[in-house]
Amino acid sequence: MIKSELIQLIADKNPHLYQRDVENIVNAILDEITQALAEGNRVELRGFGAFSVKNRQPRTGRNPRTGEKVEVEEKWVPFFKTGKELRERLNS
């Protein structure tokens, strides 16, 4: 599901809300999650999962085309860990 499909689904289930309002709400939620992660914070949605950032240390990688060694810089990457309720629903 892509963001526009999510917005449409929420708008369809809530006919009392305008679609543009639903879009603003979804964008606000995603912006807040993004901002929190950018600040190094963890975002937990009970029953769904937790978003956090992890540090990847610098390393020597390999160019898959040429096999040449390449230095990969340190970087921060987003990480998502599913919640217990989500895992149970997926595996039931």
Counting only heavy atoms not in Glu73 (residues, nucleotides, ligands), do more than 12 fall under 6.0 Å from its CD? no
Has Arg87 got more than 12 heavy atoms of other residues, nucleotides or ligands less than 6.0 Å from its CZ? yes
What distance do Gln8 atom CD and Gln19 atom CD have between them, rounded to the nearest 0.5 Å? 4.5 Å
Quick one: hydrophobic cluster around [X], which other residues, with the 4.5 Å side-chain cut-off, linked directly or via members?
X     : value
Val77 : none
Ile10 : Met1, Leu6, Ile7, Leu9, Leu17, Val22, Val26, Leu30
Ile25 : Ile29, Ile33, Leu37, Val43, Leu45, Phe48, Phe51, Val53, Trp76, Phe80, Leu86, Leu90

Check: Ile2 main-chain N/O paired with Glu5 side-chain donor or acceptor under 3.5 Å: yes
Check: Asn63 side chain, Arg65 main-chain N or O, donor-acceptor pair, under 3.5 Å: yes
Any side-chain heavy-atom pair from Thr60 and Glu71 closer than 4.5 angstrom? yes
Per the side-chain hydrogen bond (donor to acceptor under 3.5 Å, both in side chains) rule, what does the pair list look like for residues 23-34, sequence neighbours excluded? Lys3-Asn27
Sequence neighbours excluded, which residues qualify as salt bridge (charged side-chain N to carboxylate O under 4.0 Å, His left out) partners of Arg42? Glu44
Could I get the full list of side-chain hydrogen bond (donor to acceptor under 3.5 Å, both in side chains) partners for Gln57, not counting sequence neighbours? none
